[in-house]
Amino acid sequence: MTDISGIGRSVLETARDEQRTALTEAEAKGLLAERGLSVPDHETVDSPEAAVEAAEEIGYPVVAKVSAPSVQHKSEWGGGVGVAVGLENPESVRTAAADIFDAANGAGIDASVLVEEGADLEAGLEVIVGGTRDPSFGPTVLVGLGGITVEVLQDTSHRIAPVSTAEAVEMTRELEASPLFDGYRGSPAVDREAVAEAIVAVGDVLDEHESIREIEINPLLAESDRAVALDALVSLDDD
Amino acid sequence: MSVSDLFNPDGIAVVGASATPGKIGYEAMQNVIEFDGPVYPVNPSASGSVFDREFVSAVTEIDGDVDLALCCVPAPVVPDVIEECGEADIGGAVIFAGGFGEAGPEGQELQDRLVDAATEGDVALLGPNTSGFLVPEEQLYATFATDIDTIPSGNVAVVAQSGGLAYAIAFQAENEGVGVSAMVGLGNRANVGFEEAIEYFDTDPKTDSIILHVEGTDDGRGLLETCQRVETPVVAYNVGEQDVGDFAESHTGALTGEYELYEAGFAQYGVPTVRSSTELLDAGTALASSPRPDGPNVGVVTAQAGPGIAITDRLKAAGATLPSLTEETQEIVEEILPGITFSANPVDTGRPMPEFGEVVDAVARDENVDIVLVYELYEGGLGYPTDDLEGLVDDVDKPIVFASGGPREIITEELAELEAIGIPTFTAPERAADAVSALVQYAKRNAEPDAVVAGEEVSADD
């Protein structure tokens with residue numbers, strides 16, 4: 001356990017020393033993976049050729065994303081080249097990575113490319129798991145259905161953190177969308193407990209690291225036997 | 001800082017007392033002379049007397065035992081008055097004036113000066129920006145509001161963030177013939193906030209439940225921890241559901257509103273929550289006058305089907321369980337009333353009848369039942385089964401809640417007899433159902449962790 005929070009602390013210390021307001025996606029996923037969360041296989045690279053090599057190693061399809069501390073809304077960045085999904089072959093990986101490096105050069109920022117195992121969104125349920133440090137309540141956590149559902153219906157469940165796994169399971173049951181976790185129209189039931197463990201992890205990380213302001217895993221893809229953090233953002237205190 | 005100087009004083013000074021009717025220094029004097037203890041009007045520019053009490057020029061000049069000062073003076077002079085209170089060893093003060101923290105940076109500066117003076121002099125402050133507090137049993141009316149001596153004494157403490165809402169609840173209690181042990185409007189909470197008030201009323205022998213109106217505090221977690229720590233049951237009415245942020249930054253930030261956190265937090269920390277001031281008062285009354293419920297299982301007995309169905313519907317929506325009655329209970333009920341309309345749960349006797357009380361007794365003694373809810377329209381010549389139910393609450397050590405309808409003139413008195421034997425009463429089916437729902441929430445939210453895991457709601461392996 002000491003080792004794990006030690007790793008967390010060093011990533012956070014580095015970010016703080018560089019006066020950053022957020023971890024990169026790879027750092028955020030690393031922090032959560034240390035807590036037992038599943039994350040897609042990934043590699044951070046610095047050239048289109050290295051991106052292709054990483055893709056060959058990970059296996060197609062892959063996703064290529066811009067990786068830079070200053071870029072948080074990756075899909076809107078660089079005129080839309082910040083995130084490329086469903087890359088099936090070396091050529092498409094090379095092109096996507098080159099586009100990201102070009103846009104970064106144009107914007108005058110130092111960026112890398114995150115090459116990541118592609119996910120089959122059809123294979124699970126997209127969930128959002130988040131946590132924020134509230135000025136009045138301290139660490140808090142939430143769970144909701146991902147995608148636009150969370151914006152439109154605001155179907156979320158909240159707790160003051162830290163929470164137990166049983167409490168986190170109860171949170172998922174409080175959602176109007178809870179029956180979807182149990183499978184519908186022939187789709188398999190998803191691993192509710194894995195979602196709960198993601199909630200627990202988010203609450204614990206917030207509780208242990210005062211320098212973290214907010215954590216958002218969106219989406220967390222809940223599959224039949226696990227839940228995978230497809231995107232993760234860790235925001236740090238400004239001061 | 002001693003909050004008991006504030007809420008339980010031996011003597012009172014009214015600073016800014018006035019002999020001019022309509023001024024708050026006059027109204028406060030008029031209220032506070034009802035108190036059974038010395039009262040001193042303080043005003044450096046007044047002479048003679050008001051309500052037969054000699055004006056004193058300053059709190060430091062009072063020759064007598066004073067713990068509480070009611071500050072009826074304008075905001076700018078309040079910090080100086082509190083400094084003098086500290087010098088005079090007055091440990092509590094109520095500050096009616098507005099124009100402090102709620103009024104921008106200048107007001108905040110004034111409030112900071114006030115808090116410094118209070119810290120220096122060890123003075124517990126109610127307010128600023130409050131309409132004060134009442135302790136009806138002591139005839140202690142620390143307020144400038146009028147006609148508050150009509151509010152009866154009881155065993156529910158009202159602690160409201162807003163003084164206006166505190167009075168709204170207290171007068172509603174008066175209208176319903178229910179009493180309060182205290183009514184407090186916290187106002188700006190300069191150094192006495194929810195935590196201090198809850199801790200004080202937890203130790204108050206007159207108080208058996210504490211009801212909260214919450215708009216938002218700087219230390220929500222501290223409030224929750226206090227609610228969990230105290231022995232006295234607490235119920236909360238949390239306002240602000242419609243405050244929702246935008247999604248510009250992140251979903252997590254936008255979706256995590258104060259309202260959601262209070263609702264979730266109160267649930268986590270064992271506090272039932274309600275959706276209106278009426279529900280708040282009803283829940284507080286039910287908790288204050290009943291044994292603590294052991295679980296969420298409600299036995300419903302009704303003399304009329306319709307109200308019973310409405311009650312059952314509402315209870316289920318609120319998460320109550322309506323368990324099957326034991327075979328033994330069903331046999332007893334069928335023996336009392338052969339061919340009864342419905343002898344499961346709810347038990348529907350079809351109409352009021354002389355044996356109605358025996359049916360309630362049987363259901364209350366059922367081991368599957370934690371709480372009993374009874375509905376019976378008033379029927380002249382039959383009355384309520386008060387004699388049959390006497391001693392039953394203590395005997396079974398479970399809450400029994402009774403609802404009815406009938407002519408106000410008749411049932412007010414008859415329902416009071418039920419109240420006197422420990423059965424809270426309501427005059428609408430839904431209000432009784434909501435009060436019982438709060439009891440159910442209290443039981444569920446304070447259940448031992450093992451019991452929660454073993455219950456229906458949480459089952460980790462499916």
Side-chain angles (χ1 to χ4, degrees), chain A residues 22 72-73 128-174 181-182 189 191-193 196-197 202 206 213-219 233-235, chain B residues 189 193-195 214-225 227-228 238 240-271 319 444-445 447-462:
Chain A
Q72 284 179 29
H73 300 283
I128 172 174
V129 170
T132 188
R133 189 177 306 282
D134 182 83
S136 177
F137 290 93
T140 67
V141 288
L142 75 79
V143 64
L145 216 60
I148 59 162
T149 326
V150 74
E151 286 184 28
V152 178
L153 302 177
Q154 292 168 18
D155 178 19
T156 51
S157 173
H158 302 259
R159 288 292 186 280
I160 312 298
V163 294
S164 65
T165 307
E167 186 87 47
V169 168
E170 176 63 18
M171 288 174 73
T172 67
R173 293 200 181 280
E174 277 174 15
F181 284 70
D182 300 326
D191 190 343
R192 202 184 276 270
E193 194 151 347
E197 275 157 13
V202 166
L206 263 178
R213 184 172 58 83
E214 196 168 291
I215 300 173
E216 184 163 291
I217 307 173
N218 186 19
L233 178 62
V234 172
S235 307
Chain B
R189 296 163 286 135
F194 283 107
E195 293 175 42
V214 181
E215 289 171 349
T217 81
D218 295 339
D219 186 8
R221 190 177 288 247
L223 167 57
L224 296 177
E225 286 171 351
C227 291
Q228 190 175 51
N238 163 35
E241 189 177 3
Q242 302 309 318
D243 300 343
V244 177
D246 59 44
F247 293 100
E249 278 289 316
S250 71
H251 291 86
T252 299
L255 290 164
T256 307
E258 289 279 290
Y259 180 84
E260 288 75 19
L261 293 180
Y262 275 109
E263 290 296 310
F266 281 127
Q268 267 176 286
Y269 286 76
V271 179
K444 288 171 86 167
R445 293 177 175 189
E448 296 297 321
D450 289 351
V452 175
V453 174
E456 284 174 43
E457 293 202 345
V458 178
S459 125
D461 44 18
D462 65 5

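Here is how names work: the chains are called A, B, and so on, in the same order as the sequence lines, proteins then strands, and each is numbered from 1.
- Annotation: maximal heavy-atom pairing with chain B below 4.5 Å, among A:S157, A:P139, A:A196, occurs at A:P139.
- Under the rule for a side-chain hydrogen bond (donor to acceptor under 3.5 Å, both in side chains), the partners of A:T132 that lie at least two apart in sequence or sit in another chain are A:E214.
- Closest non-hydrogen pair, A:L206 versus A:R133, comes out as O-NH2, 2.6 Å.
- Interface residue B:D219: backbone and side-chain heavy atoms are both found under 4.5 Å from chain A.
- Within the 4.5 angstrom heavy-atom criterion, atoms from both the backbone and the side chain of A:I160 approach chain B.
- Between the CZ atom in A:F137 and the CZ atom in B:R221 there is a gap of 9.0 Å [rounded to 0.5 Å].
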Legend entry - From CA spacing to verdict: salt bridge (charged side-chain N to carboxylate O under 4.0 Å, His left out), A:R159, B:E260: CA-CA 9 Å; A:R159 288 292 186 280; B:E260 288 75 19; over 6 Å; no
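- Looking at A:V163, only its side chain comes within 4.5 Å of chain B, counting heavy atoms on both sides.
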Legend entry - Derivation and outcome, salt bridge (charged side-chain N to carboxylate O under 4.0 Å, His left out), residues B:D218 and B:R189: CA-CA 10 Å; B:D218 295 339; B:R189 296 163 286 135; 5.8 Å; no
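- Between the B:K444 side chain and the B:G270 main chain, no donor and acceptor come within less than 3.5 Å of each other.
- B:Y262 touches chain A through backbone and side chain together, each having a heavy atom under 4.5 Å away.
- Only the backbone of A:A161 comes within less than 4.5 Å of a heavy atom in chain B; its side chain stays farther off.
- Only the side chain of B:L224 comes within contact range of chain A, with heavy atoms under 4.5 Å apart.
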